Amino acid sequence: MWQLADRLCSSRLLLGTAHYPSLQVMRDAITASQCHVITVALARQSPQTKGGEAFWNDLNDLNCFLLPNTAGCRNAEDAISLAEMAREIFQTNWIKLEIMGDDYTLQPDLFELVKAATLLVQKKFEVFPYCTEDLVTCQRLVDCGCRVIMPWAAPIGSGKGLLNPYALETLRQRLPEVTLIVDAGVGKPSHAVQAMELGYDGVLLNTAVSLAHDPIKMAMAFRDAVQAGRLAYEAGMMLERNVAVASTSLIDTPFWHQEKK
């Protein structure tokens, strides 16, 4: 179990709910992933929209924590309004804060993001801000009260993986007490392993599973990848070396740790 905001979760994998071939495939993939947190865009999939009630009922049946998001918003005012609507509809103070600033890269508007996060924290929301790997922005989000930060690995839906592992690793080192979740740009299970090996607390993804040829098997693959990456981080990986070192021990020193006689 691990602490995510004010709740305990057993899975460090978070999944989105868009672009699946059908509701049934979505349900089966989420179940196979064993994730406990799923995110949904209120602007697209509200219980109040046509067909939204069936979708919402399916989500309820999964017994997962729901993380509504503000996808589609372009400024702080719209994001705050959507967050307040989500809290009323879904009865949760969790909100994944997304404010897009560029149509081509879908890069978040970091200025509006910090502005909205500051006001939402004051309104007692648990804000999960989607941002880039920029250290200064992440620090500003922490300073305004965000306990969870969600930097991208690469642009949304690109599947390119960790484009700037140095910056992501720096974030982990500089914000040791903050929950960090890699969000967006993950395309392969190996990308999830890499993020978790850096010490990230979790991985959130959507299209890597929903657009796979077999979303259910891919969900299982990411489930295992996240677990493997976390175990590797906790185990402590060997340091890289610039020279070769024989892996065969000498006869008189079979183990690197020798008890003193």
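Computed from a prediction, not measured in an experiment: that's the story for all the values here.
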Peer 1: Can you tell me which residue pairs pass the side-chain hydrogen bond (donor to acceptor under 3.5 Å, both in side chains) test with a partner in residues 106-129, sequence neighbours excluded?
Peer 2: Glu77-Lys115, Glu84-Lys123, Glu126-Arg147
Peer 1: So do the side chains of Arg230 and Val226 get within less than 4.5 Å of each other, counting heavy atoms only?
Peer 2: no
Peer 1: Can you name the nearest heavy-atom pair linking Ala79 to Leu97, along with the distance?
Peer 2: CB-CD1, 3.7 Å
Peer 1: Can you list every pair that meets side-chain hydrogen bond (donor to acceptor under 3.5 Å, both in side chains) and has a residue in residues 174-198, with sequence neighbours left out?
Peer 2: Lys96-Asp183
Peer 1: Grab the two heavy atoms, one from Ala192 and one from Val203, that are nearest each other, plus how far apart they are.
Peer 2: O-CG2, 4.2 Å
Peer 1: Answer with yes or no whether the hydrophobic clustering places Leu14 together with Val178; edges join I, L, V, M, F, W, Y residues whose side-chain heavy atoms lie under 4.5 Å apart.
Peer 2: no
Peer 1: Where is the tightest heavy-atom contact between Pro68 and Thr39, given as atom of each residue plus distance?
Peer 2: C-OG1, 4.4 Å
Peer 1: Hydrophobic side-chain clustering at under 4.5 Å (ILVMFWY, transitive links): who's grouped with Met100? Put none if nobody.
Peer 2: Leu106, Tyr130, Trp152, Ile156
Peer 1: Does a side-chain heavy-atom distance below 4.5 Å link Leu66 with Val40?
Peer 2: yes
Peer 1: Closest heavy-atom contact between Leu13 and Ser33?
Peer 2: CD2-CB, 3.9 Å
Peer 1: In the single-linkage hydrophobic clustering (I, L, V, M, F, W, Y; side-chain heavy atoms under 4.5 Å), do Leu171 and Val193 co-cluster?
Peer 2: no
Peer 1: Looking at Gly199, is its backbone amide N or carbonyl O close enough to the side chain of Arg172 to form a donor-acceptor pair, meaning the two atoms are under 3.5 Å apart?
Peer 2: yes
Peer 1: Taking atom CD of Gln34 and atom CZ of Arg223, what is their separation to the nearest 0.5 Å?
Peer 2: 5.0 Å
Peer 1: List the residues meeting side-chain contact (heavy atoms from CB on, under 4.5 Å) with Ala167, not counting sequence neighbours, and say none if there are none.
Peer 2: Glu133, Asn164
Peer 1: Any chance CD of Glu88 has more than 12 other-residue heavy atoms, nucleotides or ligands included, within less than 6.0 Å?
Peer 2: no
Peer 1: Taking a hydrophobic cluster as the set of Ile, Leu, Val, Met, Phe, Trp and Tyr residues connected by side-chain heavy atoms closer than 4.5 Å, whether directly or through intermediates, do Leu4 and Tyr200 fall within one such cluster?
Peer 2: no
Peer 1: Should Leu204 and Val182 be marked as a side chain to side chain contact (heavy atoms under 4.5 Å, CB included) after you check the CA-CA gap, both sets of side-chain angles, and the distance that decides it?
Peer 2: CA-CA 6 Å; Leu204 191 156; Val182 165; over 6 Å; no
Peer 1: Could you please spell out the steps behind the side chain to side chain contact (heavy atoms under 4.5 Å, CB included) verdict for Ser210 and Met26?
Peer 2: CA-CA 7 Å; Ser210 64; Met26 181 199 73; over 6 Å; no
Peer 1: Would you give the length of the straight line joining atom CG of Leu15 to atom OG1 of Thr31, rounded to the nearest 0.5 angstrom?
Peer 2: 10.5 Å
Peer 1: Tell me, please, which residues at least two apart from Gln139 pass side chain to side chain donor-acceptor pair (under 3.5 Å).
Peer 2: Asp143
Peer 1: Side chains of Cys9 and Val37, heavy atoms from C-beta outward: is any pair under 4.5 Å?
Peer 2: yes
Peer 1: Are Leu180 and Ile95 connected into the same hydrophobic cluster when the rule is that any two of I, L, V, M, F, W, Y join if their side-chain heavy atoms are below 4.5 Å apart?
Peer 2: yes
Peer 1: Can you tell me how far OG of Ser158 sits from CG of Leu163, rounded to the nearest 0.5 angstrom?
Peer 2: 6.5 Å
Peer 1: Check which hydrophobic residues are tied to Met1 through side-chain heavy-atom contacts below 4.5 Å, counting indirect links as well, and list them.
Peer 2: Leu8
Peer 1: If I take atom OG1 from residue Thr70 and atom CZ from residue Phe128, how far apart are they, to the nearest 0.5 angstrom?
Peer 2: 13.0 Å
Peer 1: Walk me through it: do Ile38 and Leu67 pass the test side chain to side chain contact (heavy atoms under 4.5 Å, CB included)?
Peer 2: CA-CA 6 Å; Ile38 53 178; Leu67 177 60; over 6 Å; no
Peer 1: Does a donor on one side chain and an acceptor on the other come within less than 3.5 Å for Asp78 and Ser81?
Peer 2: no
Peer 1: Whether the side chain of Arg27 engages the backbone of Ile30 through a donor-acceptor N/O pair (distance < 3.5 Å, no angle test) should be reported.
Peer 2: no
Peer 1: Identify the heavy atoms of Ala29 and Tyr20 that sit nearest to each other, and give their distance.
Peer 2: CB-CE2, 3.8 Å
Peer 1: How long is the gap from CG on Leu82 to SG on Cys73, to the nearest 0.5 Å?
Peer 2: 4.5 Å
Peer 1: Same cluster or not: are Leu119 and Phe125 linked, directly or through other Ile, Leu, Val, Met, Phe, Trp or Tyr residues, by side-chain heavy atoms under 4.5 angstrom apart?
Peer 2: yes
Peer 1: Using 0.5 Å steps for rounding, measure from the CE atom of Met150 to the CD1 atom of Ile181.
Peer 2: 4.5 Å
Peer 1: Between Arg74 and Asp102 (salt bridge meaning N to carboxylate O under 4.0 Å), is one present in this structure?
Peer 2: no
Peer 1: Is the shortest side-chain heavy-atom distance between Leu113 and Leu110 below 4.5 Å?
Peer 2: yes
Peer 1: Please confirm whether the backbone N or O of Asp201 pairs with a side-chain atom of Arg12, one donor and one acceptor, at under 3.5 Å?
Peer 2: yes
Peer 1: Mark yes or no: Arg7 above the aromatic ring of Trp94, with NZ or CZ under 6.0 Å from the six-membered ring centre and no more than 45 degrees from the axis.
Peer 2: yes
Peer 1: Please name the pair of heavy atoms, one in Cys131 and one in Ile149, separated by the smallest distance, quoted to 0.1 Å.
Peer 2: SG-CG2, 3.6 Å
